[in-house]
Every structure is written in structure tokens, then in C-alpha cells.
K.L.:
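Once you've had a glance at the structure underneath, I'll fire off some questions.
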Amino acid sequence: MKVIRGTLVHCICPESIQVLENYVIGFNEKENGVIVFVEAASKLNDLAAEHGFSIDSVITLTKSQFLMPGLVDTHIHAPQYVNAGTGYDKQLLAWLQDYTFPAEARFQDLQVARDVYPIAVSRSLRHGTTTASYFATIHLEATKELCRTVERLGQRALIGKVNMDRESPDYYVETTQESLEDTKKFIEFVKELNNPLVQAVITPRFSPSCSPELLQGLGDLAREHDLPIQSHVCEQLPEVKYTLSLFLGFQDCSSIFEKHGLLTDKAYMAHCIHLEENEVQLFQQKGVGISHCPNSNLCLCSGLLDTRKMLDLGLKIGLGTDVSGGYSSSVFDALRKSIDVSKALSFGKQDDYRPISHHEALYMATLGGAKVLSLDDKIGNFKAGKELDALLIDVNPPNNTFDTFEWDSFDDVLMKFLYLGDDRNILRRFVAGKELEL
Ligand code: GUN
Ligand code: ZN
């Protein structure tokens, strides 16, 4: 049993955070970090007697420290890390052709995956992402390498072999049969890996790059193996138009996924900015999650997602960095940008329109993301029975990027950290109760 004593900060609903001052959290390091208790510190002696741990072994946080749930990145492209911070002179469809496909095609060479993936995953971990949902590339071997990399570095991850059998350059495309066969092999590989932290996710890139036959095959595989599904939808208006021009007879982009068995309660779609009203209803009915990627949506000029509307409708919504559509692998960056985007959107709305708060953004970065990935039975907040994925935050480390004053309330300090903090404030990272070494 490992026990941490101090302030715990987490979300149990979108609207407000819970700050548990002078609490103790006990977790079983040897059993995937299962949380055994979350109690007021006044009960420490009784808890020590009951669970047989020594009070001397308790990790006690200082006044400037708190424990929060690990961040959840619901959408990131590991191979695109090589392009993060460049290529923003183009919008989506040209950006894919000019920057993204050439970068991803390099991963045909397994050595590129061996070189790049540890750098991309380490950066994500450094920023506090304890769970990430990755798009890899179309290449089976490189995608397996991404699994081995997250396993070695200790991140919790969903990993998808990308599927693309059409509307793609000759140097970066697969046949329908190759795409399905390699996806089956990948599913088997992840099963054999037998690591509870690593899951396979069905990953059609977006519907334009998949034939109807491929989409159907992927829908069948998702059903057969009860797998989650990730893709992109309604990201940019020219992309919506392009999609509908390829799928004649469909009125909207979401129905294409639905028709092929890809809109399940384990599916989550990136962007969703330009969903029609009936598509939003379809997401509600089916329990489909939204991965909101505000950095990418600004960089590629995609648009502003109405997160207020999605939250008020009770849709599952989490944050994604969408590297390298977005330039930062930090979910804290996504959190800040989600608030900025919501405020920018509010300028054109009625006076009573409420932009999202920093509490709602923190919810999306943690429990909201966990719900999107159907992992909220395991992670997202501190509840007995869940597994401990956590960050130990210090709001006053050496070389801090902000200052606090004695009259600051806890919420002031939290807000300063969320707006101004960075990885210097993350002292320790835990995944399934195990501390990571970077
Ligand atoms: N749509 C299809 N592929 C991609 C991608 O790699 N990034 C983003 N942002 N959108 C996409
Ligand atoms: Zn993406």
C-alpha cells in the first residue's frame, strides 16, 4: 500500500471541481494502483491499523503541492510529432498532402518509428498525459513499435493502426485487403501483449480515405472484438463537402460512419465542429464521444467548436492535442485554448451565453476524456476502486513561470497554474499506481 497525504483536486461532474484539503489517498501499487481509500487525514491512524501500513511511509505533500488526476489526451498522432510547430500555412486538405502524408510515409522504415516514437511519447508524458489515444500510421510494424514504446515508458494508451485504401498518395496507401488483414494482425498483437494499459482502437483515418468496403470491414472488426473506434469528422467545411462528394446518397458525414457500424458508444470522433443538428442528436443517441482539439482547430483554420452546447447536452467530451494539427503535445495547452475558443465563440452569441470555465476545461482534460475513451471505470478522478493515474503538482517549484501571493485563494492559485504553468510544475507522474521515470 502506498499512501499520499495532502490536498487532492479532481472533478466528479463538469461544473465544479472538488478540492479535498488534508486528505489521504491509499492505493495498491502491486494491483494496478487500485485506490483503496480516499479519506480525511484525521482518519490516518485508523486507516494505518486497518490496512497495515506504517505512518512513516506516508508521502506528505507540502503546502504548495497537490495531487490531481493524470491528463487524458483523447486524440494525438504520434508520427506527426516530427512536424509539430510547422506547416500552418496550409488548411486541412492541402496540409495533409503537403506535410502530413510525407511525414507519416517515413514510418514504413521501422527504424524511423524506433527513433521517433520514444521522443513523441516522452514529450507527452513530460506534459502530464498519463493516458493517450494515438493514431499511428498505416504500417503494421511501426504501429507495433508504438505499442512497445508506450509499454516501455509506462503510459496508458489506446493505439490505432491507421486505415487508408483510397484518395491517398501512391506512396502512402494500402489495398482494402492489406488494410483489413494488417488491422486483424494488429488486434492479435495487442491481445498477445496482454498489457492492461495498452488497447487497440479501430482507426479509419477519415471517411474520404476509406472505401465503403473498408469501413464495413472495420465496423465488423470493432463489433467482433468489442473495440473502441476513433476517427475525424466535420473538421472543416471543405472536408465536409469533399466527404459528401465521395459518399453520394448520404446527407451528412456522421451517417457514413453509422451505416458501416462505426458509430457506437465506444466511438469517439475528433473535431465535430461542423456537425449538423441531426448529427449532434445521433451522437447523443449512440453515446459517441467528442475529442475537442482547439489548438489544431485554430492552426488549420478549421473553426470554433461550441463546447458549451455539447456540455449542456450531456455529450461525452474530452480534449485532444491533435499533434501536429495542433503544435503542442500538452493537454494543459489544450485546456487553455478550449477556454479561449469558447470565449471567442461567445462574442457572436446572446448575452446570456456562458463560455466554459476553467473547472469545465479541467473536467474535459481528466474525467471527460476518460469518459470519451470509455475508461471512466478505471481513471479520470480519485474514487476507491479506480486505478491511480495522477500528477503531483507543485505551484512553487524552482524557476516557476508564475507567482502566487498570500491572499490568493486556492482557486486563484489553481487558475494561475492552469493558465501559466508548465511541465516544471509536475514533480511526479503515476500511471496505475506506478511512478514513471522520465
Ligand atoms: N483528417 C484526416 N487526417 C487528419 C489528420 O491527420 N489530422 C487532422 N487534424 N485531421 C485529419
Ligand atoms: Zn487528428
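Each ligand, and each atom within it, is numbered from 1 in the order the structure gives.
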K.L.:
Leu96 heavy atoms, cut-off 4.0 Å: which ligand 1 atoms fall inside?
P.N.:
2 (C), 3 (N), 4 (C), 5 (C), 6 (O)
K.L.:
Going by distance alone, is a donor N or O of one side chain under 3.5 Å from an acceptor N or O of the other, for Gln18 and His10?
P.N.:
yes
K.L.:
What N, O or S atom of Asp322 is found closest to the Zn ion (ligand 2)?
P.N.:
OD1
K.L.:
So which of Val233, Val323, Asp322, Val162 gets nearest to atom 9 (N) of ligand 1, if we judge by its closest heavy atom?
P.N.:
Asp322
K.L.:
Identify which one of Cys234, Ser296, Ser291 satisfies the side chain to side chain contact (heavy atoms under 4.5 Å, CB included) criterion when paired with His271.
P.N.:
Ser296
K.L.:
Give the residue, atom name and distance (to 0.1 Å) of the protein heavy atom nearest atom 6 (O) of ligand 1.
P.N.:
Arg205 NH2, 2.7 Å
K.L.:
Would a distance-only check, ignoring hydrogens and angles, find a side-chain to backbone donor-acceptor pair under 3.5 Å from Ser209 to Phe206?
P.N.:
yes
K.L.:
Could you tell me whether some N/O pair between Thr100 and ligand 1 is separated by less than 3.5 angstrom?
P.N.:
no
K.L.:
For Thr137 and His139, does a side-chain donor sit closer than 3.5 Å to a side-chain acceptor?
P.N.:
yes
K.L.:
Among His75, His232, Glu104, Met164, which residue places a heavy atom closest to atom 5 (C) of ligand 1?
P.N.:
His232
K.L.:
To the nearest 10 degrees, calculate the angle at the Zn ion (ligand 2) involving NE2 of His75 and NE2 of His77.
P.N.:
100°
K.L.:
Does Glu235 bring an N, O or S atom to within less than 2.8 Å of the Zn ion (ligand 2)?
P.N.:
no
K.L.:
Between Cys293 and the Zn ion (ligand 2), is there a contact where an N/O/S atom of the residue lies under 2.8 Å from the metal?
P.N.:
no
K.L.:
Please report whether the ring centroid of Phe332 lies less than 6.0 Å from that of Phe417.
P.N.:
yes
K.L.:
Side chain or backbone of Glu239 under 4.0 Å from ligand 1, or both, or neither, by non-hydrogen atoms?
P.N.:
neither
K.L.:
So, Asp322 versus Asn295: side-chain donor-acceptor pair below 3.5 Å or not?
P.N.:
no
K.L.:
Has the side chain of Asn83 got a donor or acceptor atom that lies under 3.5 Å from a matching backbone atom of Tyr99?
P.N.:
yes
K.L.:
Would you say the side-chain atoms of Tyr353 and Arg308 include a donor-acceptor pair closer than 3.5 Å?
P.N.:
no
K.L.:
Trp95 versus ligand 1: do any nitrogen or oxygen atoms come within less than 3.5 Å of each other?
P.N.:
no
